[in-house]
Structure formats: C-alpha cells, structure tokens
Visitor: 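The structure's right below; bear with me while I get my questions together.
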Amino acid sequence: MNQIPQFDPSQYEKKWREKWEEEQIYHIDNPVNAGKPKYYCLDMFPYPSGEGLHVGHWRGYVLSDVWSRYKLLQGFNVLHPMGWDNFGLPAENDAIHKGIHPKISTKKNIDNIRRQLKEIGCIYDWSKEISTTHPDYYKWTQFIFLKMFEMGLAYQKEQPVNWCNDCKVVLANEEVAGGKCERCGGTNIEKRFIKQWMLKITAYAERLLQDLDDLDWPEKVKEMQRNWIGKSIGAEVDFKIDGHENLGPVTVFTTRPDTLFGATFLVMAPEHKLVKQITEASRMSEVDAYIKETHKMSNIDRQTNKDKSGVFTGAYAINPVNGAKLPIWISNYVLMDYGSGAIMAVPAHDERDFQFAQKFGIPIIEVIHSDAAKRNADGTLSEAYVGDGDIINSDYLNGLNVEKAKETIVSRLEKDGVGKKTVNYKLRDWIFARQRYWGEPIPVVYCDKCGIVPVPEKDLPVELPDVESYKPSDDGSSPLAKMTDWVNTRCPKCGGPARRETDTMPQWAGSSWYFIRYPDRDYKEAFASPESLKKWLPVDMYVGGIEHAVLHLLYARFWTKVLYDAGLVPFKEPFQRLFNQGMVCRRAHRCHKCNRWVYDHELDLSIEPDKRVCPTCGSKLEISMEKMSKSKGNGINPDILVSQYGTDTLRLYELFTGDPAMDSEWNDDGIKACYNLLKRSWNFVHAAQPQPQSSPRAAKAVNKLIKDVESRMLAFKFNTAVSAFMEFINEASDAVNEFSQEDLEKFVIVMSPFAPHFAEEIWMTYFKKPDHVFHQPYPKCDEKLLEASEIEYTIHINGKLRMKVMAAPGCSEEALKQLLKGNPRFEELVGDKPVRKTIFVPNKLLNFIL
RNA sequence: GCGGACGUGGUGAAACUGGUAGACACGCCAGAUUUAGGUUCUGGUGCCGCAAGGUUUGAGAGUUCGAGUCUCUCCGUCCGCACCA
C-alpha cells in the first residue's frame, strides 16, 4: 500500500500563489484567455485604512472569487480587478495629527492590504490595479467633472450647508447621519452659507428611478434607492398675498390638490424668502425671534421635536378657488429644501396640519366625507382623515372621489393659470466640494475678466501640490488656499492673472467611475478606450456590502448616465447584477463611563460576559453585537487563522457559516469542520485506486456533487454548496476504491473554485496534469445516474405521518394501496375503519382520512 | 411613525412551488482502535417518557387532508428613512 503524504497546506499554498502570479494566468490579456467571451466580476474596492482586513472583509472577497472561478471553468475570460479608493478624510486626519503625508500613509496601508488580499488566493488581475489618487487616474475624474460643467450639470450655488465644526468641513446631506457628522461621529451640525460646487443629480431623478426596474439587484436595495429619490406626484398652486400683490404669488406644492377647498391656513418655512417682506410690522420681532430660534436648532432637534411650534406673520393668502383669506404662519415643520418651502394646510386631512390647527385654534374644514373617519362625541374629527371618500364643501368637486377630484381640480387650475401638475423628489443636488486637502482638485480657475474658466483638457490633471500644513484654516477654506504659488495662475482664456479653485472633490468622486477604468487603465487618449468599453462593460456582477445601497451605487449610476448622454459610453447602467453580502458581526464591549470601546486584548475573556468590567474605570461593560471593525475592538485577524489552518480552510469556512446574503455572527468554533473536509478529501484522493469504471454508487455520488454544487452556486447559497462537499466525502470515504480516474478528476475540478490551492496541488502534482485545473471545463452532470430504483413514500393517517414504505418512483396511487394491503403495520393502523378520502402526492406521500 | 428583513436544538445553521422539521457541521455522551504528527472509526444526541407514544420552528388564532412556509393579531431583534406637504 502506498504511503499517503501528510495533508499540510503550508507545503503548497504559497507555492501555487507564486506560480500563478509568475505565469500571470489571471491576466485578461494573457494569450491563454484570447477568444473567450468576457465576464466582468467586480468587488467594491476598499478604502485602505490602517486597520487592515478582518474576517468580515474576507467574506465578500471569497464570495466573488468563487463566483469568478466558476465563470472561469465555464470558459469565460474573467476580469476580476482590484484597486484602491484612497482619497478621503481618515488619511487626511492622520496627516493632521501625525504630520505624515497621506501619500505615504496610504501607500503603507495599501501594501499591507494587498499582501492580505493575495493570501486569499483570488484571481485578481493585478496588472489592472488602480488607485484614485494616482494623477493618471484623477486626470480623468477631473475630465468627467469638466464634462458635467460643460453640460450644465456642475454649478455653483450659495446655500445653507451642513457645517461640521470639528472636521471644519461642509458635509453632503448624505453624510449627515441622525444630525451628526458621519465622519467624526459626535459633532452636531450647524447651518452655514457657503458658495459650493453642486452636481445636478436631480436632473436624473426620474431616470434613476425608472431604470431600477430592469436591474437584477436585490429588491431591498432598489427599494432603498426609490425611497431616497422619493418621487411624489401632486400640484403647484399659486396663492396671492393679500395687500402684497407686487411680490407675486406664493407657490405651494401639494400631493392633495383635491383638498384645496379645505385649506384654512398657509405655512412657510422660516427660511422662506418672502417671510420678511410679508410680515406685519407689529409681528416682526416675534417672527425674527422664531427664525433665530430655528437657526440655532440643529437638524436633530428639528427632527425629534414632534410638538408643533409656529408664529403668525399677520399676512393672509387668497385661496385661488374660493377667495378665502388664509392666515400665513411660519413653522419649522415646513422644510425649505423640499417642494417650494411653503404649504397649504388642510387640517381635516393631514395629520401635521391637524396638530398645528388644534394647537393654535385654527378652523378645521372637512372636505372629504367618510364613515371611516374617527370622531369625537360632538361629531368633530378626533384626528385627520387621510383616506378616500366623497368630496364635500368643495363646489364643483362635490360628489367626486379623491382621485377624480385631483384630476378635475388640476385641469381647472391649469386653465385658470393658477397652478399645474408637478412632480417632486426628495433627492437633492449633490454638494460636490470639500474644503480639504486630500482630494481631486476641482479643475477650474477664477479670472477677474472671464469669470469661471475650466482648465483645458490638455492641461489636466491639475495636480495636487504638496502642502506644509494639512489643517484647514478656521474660516473653513482648504489647506490648498495657503499655497499661493499654486493658487495664483494664468487664465487659460485671456492669459491674465487668475486664481485656482482650492476646494477638492468628495471621496465619492473617484469611486463613481472606477469600474470603467479597470479594463484599460493605461490608456492615454481618453478615460477609457473604445475597445475596452465595447468589450468589457458594463459590469456583469458587482459584489459588496449593503452599506453602499444608496450613496455609492446611486452616484455611480448617475455618472454613468451622464457619460452616456455625453456620448462617451455605450451603456446606461453600470452594474447589471448586484449581490450584497451580509455584515459579519461580533460582540463588542463598551464602557459608557469612559465612552469608548474596550478591545478584546484588554479583557480576560474567560470571565463570564456579564461580569466583565472596564480595565480603566472598573464599571460594568455593555456587550452588544456590532459590525466587525477594529475601532470597536471586535475584529478577527484572518492572518492568524490562515497561518493555523491555511487559506483554503478559511475560504471554505467563510462560506460555510451561513447564507452569504444574511448578517452573521462570527465564531470560529466550526473551522475544524472545513479543515477536516480538506484533509479527508486529500486522504480520499490519495488512497483511491482508480477503476476502469466507477461503481453505480460512486458515479451517483460524483454526479450529485456536480449538480448540487452548481445549482447552489447559481443561487448564491455557498454555505450549502460546502455541505454538498461534506456529504460527498462522507459517501466517498465508504467507497474509496470504486471511483474511476475521470470521476476523481471531476471532483477536483468542482472543488477548485472553493479550495483552489488544494485542487491545483492534486491536479498538477498528484495527477501530474500538464495544464492548470482552472482551464478545465466545469463537468456536466449525468442526470440518468441520479435516478433511484426505489424511493420512500410516507403514509399519513388523518394528516399524521404513521409509516414509510419503499416503492418505485412514479408509482401510482392504486399500486401503492396494493402494496400496503396485507402490511401488518398498515392493517393495525387502518384495519376495517372506513376510509373517507385519500390524498396522493406522486413520489411523496399518501394520506388516508378515516 | 413609515418601509424592509428576521425569530427553528447547547451552538453555526438546513428545509425547492405548503408535503418525513433539524440536512451539513461544531459541541457533548458512550464504545472500539491507537496511544503525542492537530488521531481515526462505530453508535447516540430537539424536548418529555423505561417504553409504546406524545410533543416541538417567538406567542396566539385562522385557512388546509397537511403549515417553519400562506392569512390575521401580538411580542421581540436588526436595518433603512424620518415633520417630504
């Protein structure tokens, strides 16, 4: 008997990774891949933080790699690229605190993460690696910005912005989480007025909404984007202001024009332009005070304060349909940046207006009658009625239902020239400037004579100069503003003196189009070569975390549509299919007194969880489940597990722990199972004495494996695919010498996407094959071999499972009854009792109702 | 408040269109072999019961011959949005 070599992944894993890299077998331009159809599988590229990767990051990368390798076996030329999204605040904050140039710190971080990524054994084509901070890359980010400027989609606007006093930076609405700065976490946001570069994403709201329907994305993500875009259909109605006809009318937006006759007051946002002009002198001080009060309030106060407040301006608006005089109030429940900043209030049929009217004693007029409305004993409404019903008190609308009334009144308003049908979106334009150093310079100059002048394409990129201090100045301007040599330049148009824009782009810029650059990253003539656009794009499969459901994925779609409109790309959507892996969580310890996360290494984990205390202050720790991250001290470093068990084991285990789409709680108790799977597979293949032909049992096991693994991969259920390998090896271990060489080879090929080093070692070293296992075709399942001669039928009595019998597949109800006749167990159960009814499910069960 | 997801053994979890709940593992228990190369093998393992049997998918109801799966009510956890007119 042959001596079976010891299973020891450290003997071969590194060797194969080096070999693959040396041969560049995953490079899309490698001649071995010529002529194959393309498949583009994209991972969301990481922000290279100093923390390195933890096992949660691994999960997504393993997932997409198994998928990519499966596509490889299917005969595709697979592009699976990797790069770095390395502009952004964390590196800059590091620079401010430690004085290290972000270029240097991010390079260090990238080197470490690249090393970690290589250990996963992914088929990344490293010859396509890109970095958003490389001038050859951001040259084209700047180019796209200028395209948008040319198309009128990039513009400047003075407007209230979210100012974070700590970061000294203006934040996009999208970066304000719960009224707090998403970057630094704690600081409250205040409003400031700054001239900002904006991108007109709202011009694409409708297309961003409509085109979602055709994408093969998780419904959840599509729904989140729909909510974010927030389309609502309604009408704009113009109200004249009594005694202020010179100011023109105030326009309100409403989704309920059918209730116009029920309006009893108007409310304007405190920031509304007309407020100061219409307020009566005697009320000016009160109104002023209220406006000041609102400005002081942070967003979070404004949101959580459910108690309605407001002030009467003393002015009245005229209802265009019936001439009624409606008092105009201001209140902070009306937002300036949605609709027109003013509403008509119909307390009978809107909850918020109802609360407001009740508090300030404003009349409530019902215009929709329904028995479903909730009423007080005296017949008045006890809460706003928002449902359908018959229109009343509304002149020519009376008797119509809500929908009909909407149509009727809108056409009447349009005819009379006092209103029109309108669509509104919650989506707001994107603030596209940061007063920061570590970002792409916005490529425009200001000339006293010519105004805003874009930097000509031939002068791109506008390179980021080195600065002495990374700290923004207290007025909030970028550190670049202090670099006078850089700032002062010549106007490209007239040649006169001019100043450069010192704001930089937000971190989202580079990631909004990186997938376009990958296939031909060295192309000099344009942001992408026409051949690569045609051949490689759009992306076929995009894999990444759910946290990017709205921002990044919406921005990337927006940029793609802009490029399409500019005639620069031939596709309208960047990512045909999207898969979001669930978050990997782990319990984390928090000390409320010290207000910090306590790291695992500070604790004695053998102590009962509820007895653990803070090492600094001794108070009891709160334990909660948190997304794995080093800052919470609950990360698990994959490097340690890899050195202990090998890459393939960790790859398998990352998949085995649960449904990849679901969140999971990390625990490495079961990692041995995956190590054992590989070890048993190793021993099985080495011990097997190949036969000229597989036994029926062995052939069935192999074919079942081929089918199960493939169908589970297609459903993205990698966890049960790993189970299928375990089932196979359980079966195969009992039939070691019943397999043909061909079937053993099929097993190794099917295994190769999951455990590539293992498969390659067996394939090349043990089987002594001349070509890599990844160049083999995915084996076909022979369905005939899976057919069983007998299957189990369950016999139910009154719906309860009572016994089981074996019979041929496709057995008829009658045949099965014949088979049961005379069976002692069956006689005991049924006997002479009359059978009222039977239910037969082919190949499954027979149910007797007695 | 609105929208979405989820709730199954000691643990991680399976279960396709309603049809044997707990696959596959971890852990644990018993035994065998071996005895230091992350041993291997056999059997057991939801709960109650010696057993026959009963019972079991957050709680309760309903539809059905049959419900983890469908419907309703409630409880709980997580995520997203949040005065959007």
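Throughout, a chain's letter reflects where its sequence line sits, starting with A, and its residues are numbered from 1. Source: prediction; values computed, not measured.
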Visitor: Work out how far the C1' atom of B:G62 is from that of B:A30, and round it to whole angstrom.
Guide: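 Each nucleotide's C1' atom is 46 Å from the other's.
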Visitor: So what does A:Leu845 touch, heavy atoms closer than 4.0 Å: a base, only the sugar-phosphate, or nothing?
Guide: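 It contacts base atoms.
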Visitor: ring-ring contact (aromatic ring centres under 6.0 Å, His included) between A:Phe354 and A:Phe356: does it pass, once the steps are laid out?
Guide: CA-CA 5 Å; A:Phe354 185 85; A:Phe356 195 87; over 10 Å; no
Visitor: Please measure how far the P atom in B:C70 lies from the corresponding atom in B:G18, and state the result in whole Å.
Guide: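 After rounding to an integer number of Å, I get 9 Å for this pair.
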Visitor: Does A:Thr657 have a side-chain nitrogen or oxygen under 4.0 Å from the phosphate oxygens OP1 or OP2 of B:A13?
Guide: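 No, no such contact exists.
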Visitor: Quick one: A:Lys220 NZ to B:C81 P, roughly how many Å, whole number?
Guide: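 About 11 Å, once rounded to whole Å.
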Visitor: Provide the distance between the two P atoms, one in B:A5 and one in B:A85, to the nearest whole Å.
Guide: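 Looking at atom P only, B:A5 and B:A85 are 23 Å apart.
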Visitor: When the nearest nucleotide of RNA chain B is assigned to A:Ala724 and to A:Thr720 on a heavy-atom basis, which residue is associated with the more 5' position?
Guide: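 The residue whose closest nucleotide sits nearer the 5' end is A:Thr720.
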Visitor: Take atom P in B:G58 and the same atom in B:G53, then report the distance between them in whole Å.
Guide: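 Taking atom P in both B:G58 and B:G53, they lie 27 Å apart.
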Visitor: Report the distance from atom CZ of A:Arg680 to atom P of B:U40, rounded to the nearest whole Å.
Guide: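 Distance, rounded to whole Å: 9 Å.
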Visitor: Categorize A:Glu792 for me: base, sugar-phosphate, or nothing, with a 4.0 angstrom heavy-atom threshold over every strand shown.
Guide: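 The residue A:Glu792 makes base contact.
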Visitor: So which nucleotide from B:C78, B:C24, B:C83 ends up closest to the side chain of A:Leu335?
Guide: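 Nearest nucleotide to the side chain: B:C83.
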Visitor: Using atom P in both nucleotides, what's the gap between B:A32 and B:G46 to the nearest angstrom?
Guide: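 After rounding to an integer number of Å, I get 24 Å for this pair.
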Visitor: Is A:Glu783 salt-bridged to A:Lys704, cutoff N-O under 4.0 Å?
Guide: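 No salt bridge links A:Glu783 with A:Lys704.
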Visitor: Contact class for A:Asp353 vs. all strands (heavy atom < 4.0 Å): base, sugar-phosphate, or nothing?
Guide: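 No contact.
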Visitor: Provide the distance between the two P atoms, one in B:G3 and one in B:A67, to the nearest whole Å.
Guide: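 Here B:G3 and B:A67 have their P atoms 30 Å from each other.
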Visitor: So, is B:G9 syn or anti if syn means the angle is within 90° of 0?
Guide: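 B:G9: syn glycosidic orientation.
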Visitor: Would you mind classifying the nucleic acid contact of A:Gln6 as base, sugar-phosphate or nothing, using non-hydrogen atoms under 4.0 angstrom?
Guide: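 Contact class for A:Gln6: sugar-phosphate only.
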Visitor: Output the single nucleotide from B:C65, B:A85, B:C83 whose closest atom is nearest the side chain of A:Asn332.
Guide: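 Closest nucleotide to the A:Asn332 side chain: B:C83.
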Visitor: Specify the separation, in whole Å, of atom CD of A:Gln225 and atom P of B:C81.
Guide: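 Nearest whole value for this atom pair: 12 Å.
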Visitor: Please classify the nucleic acid contact of A:Asp669 as base, sugar-phosphate, or nothing, using heavy-atom distances under 4.0 Å.
Guide: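 Contact class for A:Asp669: sugar-phosphate only.
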Visitor: Is A:Arg226 touching bases, backbone alone, or none of the nucleic acid, heavy atoms closer than 4.0 Å?
Guide: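 The answer is nothing, as A:Arg226 stays clear of every strand by at least 4.0 Å.
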Visitor: Indicate, with a heavy-atom threshold strictly under 4.0 Å, whether A:Lys679 touches base, sugar-phosphate, or nothing.
Guide: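 Sugar-phosphate contact only.
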Visitor: Please state how far atom CD1 in A:Ile671 lies from atom P in B:G27, giving the value in whole angstrom units.
Guide: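 Rounded to whole Å, this separation is 12 Å.
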Visitor: For B:A25 and A:Asn676 - does any side-chain N or O of the residue sit under 4.0 Å from the phosphate oxygens OP1/OP2?
Guide: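 The answer is no; no side-chain N or O of A:Asn676 sits under 4.0 Å from OP1 or OP2.
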Visitor: Salt bridge or not between A:Lys231 and A:Glu206? Use side-chain N to carboxylate O under 4.0 Å.
Guide: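 Yes, charged N to carboxylate O under 4.0 Å.
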Visitor: In whole angstrom, give me the gap between the P atoms of B:A59 and B:U69.
Guide: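 Between the two P atoms, the distance is 11 Å.
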Visitor: Under 30°, 30 to 60°, or over 60°: which ring-plane class applies to A:His552 and A:His548, parallel, tilted or perpendicular?
Guide: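 Geometry flag for A:His548 against A:His552: perpendicular rings.
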Visitor: In terms of side-chain geometry, is the basic nitrogen of A:Arg226 or A:Asp213 positioned less than 4.0 Å from the acidic oxygen of its partner?
Guide: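 Result for this pair is yes, salt bridge flagged.
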Visitor: Look at all strands and tell whether A:Asp659 reaches a base, only sugar-phosphate, or nothing, counting heavy atoms closer than 4.0 Å.
Guide: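 Touches sugar-phosphate only.
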Visitor: Thinking salt bridges, do A:Lys627 and A:Glu547 make one under a 4.0 Å N-O criterion?
Guide: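 A salt bridge links A:Lys627 with A:Glu547.
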Visitor: Need to verify one output field. Residue with the more 5' nearest nucleotide on RNA chain B, A:Glu351 or A:Val722?
Guide: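 First, find each residue's nearest nucleotide; the 5'-ward one identifies A:Glu351.
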Visitor: Can you tell me if A:Arg802 touches the phosphate of B:G54, counting only side-chain N or O atoms and a distance under 4.0 Å to OP1 or OP2?
Guide: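 The answer is yes; a side-chain N or O of A:Arg802 sits under 4.0 Å from OP1 or OP2.
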Visitor: Strictly by Watson-Crick or wobble contacts shorter than 3.5 Å, is anything paired with B:U17, and which nucleotide is it?
Guide: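 Checking every strand shown, B:U17 finds no partner, since no pair has both distances under 3.5 Å.
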Visitor: Between B:G37 atom P and A:Tyr675 atom OH, what is the distance in whole Å?
Guide: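 Whole-Å distance recorded here is 12 Å.
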Visitor: Would you say the side chain of A:Tyr645 and the base of B:G38 hold a donor-acceptor pair, judged only by whether the two atoms sit under 3.5 Å apart?
Guide: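 Pair found.
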Visitor: Flag the pair A:Arg428 and A:Asp337 as a salt bridge only when some basic side-chain nitrogen lies within less than 4.0 angstrom of an acidic carboxylate oxygen.
Guide: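 So A:Arg428 pairs with A:Asp337 through a salt bridge.
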Visitor: Would you kindly give the CH2-to-C1' distance between A:Trp666 and B:C26, to the nearest whole Å?
Guide: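 Taking CH2 of A:Trp666 and C1' of B:C26, I get 14 Å after rounding.
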Visitor: Looking only at the aromatic ring of each residue, does the gap between the centers of A:Tyr653 and A:Trp666 stay below 6.0 angstrom?
Guide: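 Yes: the rings meet the under 6.0 Å criterion.
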Visitor: Indicate yes or no: does A:Lys220 engage A:Glu223 in a salt bridge with an N to O separation below 4.0 Å.
Guide: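 Judged by the 4.0 Å cut-off on N to carboxylate O distance, A:Lys220 and A:Glu223 do not form a salt bridge.
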Visitor: So what does A:Phe725 hit on the nucleic acid, given a heavy-atom distance under 4.0 Å: a base, only sugar-phosphate, or nothing?
Guide: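 Nothing: the residue A:Phe725, judged by heavy atoms under 4.0 Å, touches no strand.
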Visitor: Does B:U64 pair with anything, Watson-Crick or G-U wobble, both distances under 3.5 Å, and if so, with which nucleotide?
Guide: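 Checking every strand shown, B:U64 finds no partner, since no pair has both distances under 3.5 Å.
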Visitor: If you check the A:Thr255 side chain, which of B:A85, B:C16, B:C26 turns out closest?
Guide: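 Between B:A85, B:C16, B:C26, the one nearest the side chain of A:Thr255 would be B:A85.
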Visitor: What is the base-pairing partner of B:C81, counting Watson-Crick and G-U wobble geometry with both distances under 3.5 Å?
Guide: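 B:G1 is the nucleotide pairing with B:C81.
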Visitor: Counting only distance, no hydrogens or angles, is the base of B:C83 paired donor-acceptor with the side chain of A:Lys308 under 3.5 Å?
Guide: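 It does, because a donor-acceptor pair links the side chain of A:Lys308 to the base of B:C83 below 3.5 Å.
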Visitor: Taking only the side-chain nitrogens and oxygens of A:Lys837, find out if one of them lies under 4.0 Å from OP1 or OP2 of B:C65.
Guide: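 Yes, within the criterion.
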Visitor: Less than 4.0 angstrom between a side-chain N/O of A:Asn667 and OP1 or OP2 of B:A13, yes or no?
Guide: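 Looking at the OP1 and OP2 atoms of B:A13, neither is under 4.0 Å from any side-chain N or O of A:Asn667.
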Visitor: Under 4.0 Å between any heavy atoms, over every strand shown, what does A:Lys426 touch: base, sugar-phosphate, or nothing? Just pick one.
Guide: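 Base, at least one base heavy atom under 4.0 Å.
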Visitor: Considering Watson-Crick and G-U wobble pairs with both distances under 3.5 Å, what does B:C6 pair with?
Guide: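 Partner of B:C6: B:G76.
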Visitor: Round to the nearest Å and state the distance from A:Asp708 atom CG to B:A14 atom P.
Guide: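 From A:Asp708 CG to B:A14 P: 16 Å.
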Visitor: If we take the C1' atom in both B:G10 and B:C47, what is their distance in whole Å?
Guide: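 13 Å, rounded to whole Å.
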Visitor: Provide the Watson-Crick or G-U wobble partner of B:C47, both distances under 3.5 Å; none if there is no partner.
Guide: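 Answer to the pairing question: B:G54, which forms a Watson-Crick or G-U pair with B:C47.
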Visitor: Can you tell me the distance, in whole Å, between the CG atom of A:Asn227 and the C1' atom of B:G1?
Guide: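 Rounded to whole Å, this separation is 14 Å.
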Visitor: B:U33 pairs with which nucleotide, Watson-Crick or G-U wobble, both distances below 3.5 Å?
Guide: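 B:U33 is paired with nothing.
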Visitor: At 4.0 Å (heavy atoms only), tell me whether A:Asn424 reaches a base, stays on the sugar-phosphate, or touches nothing.
Guide: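 The answer is nothing, as A:Asn424 stays clear of every strand by at least 4.0 Å.
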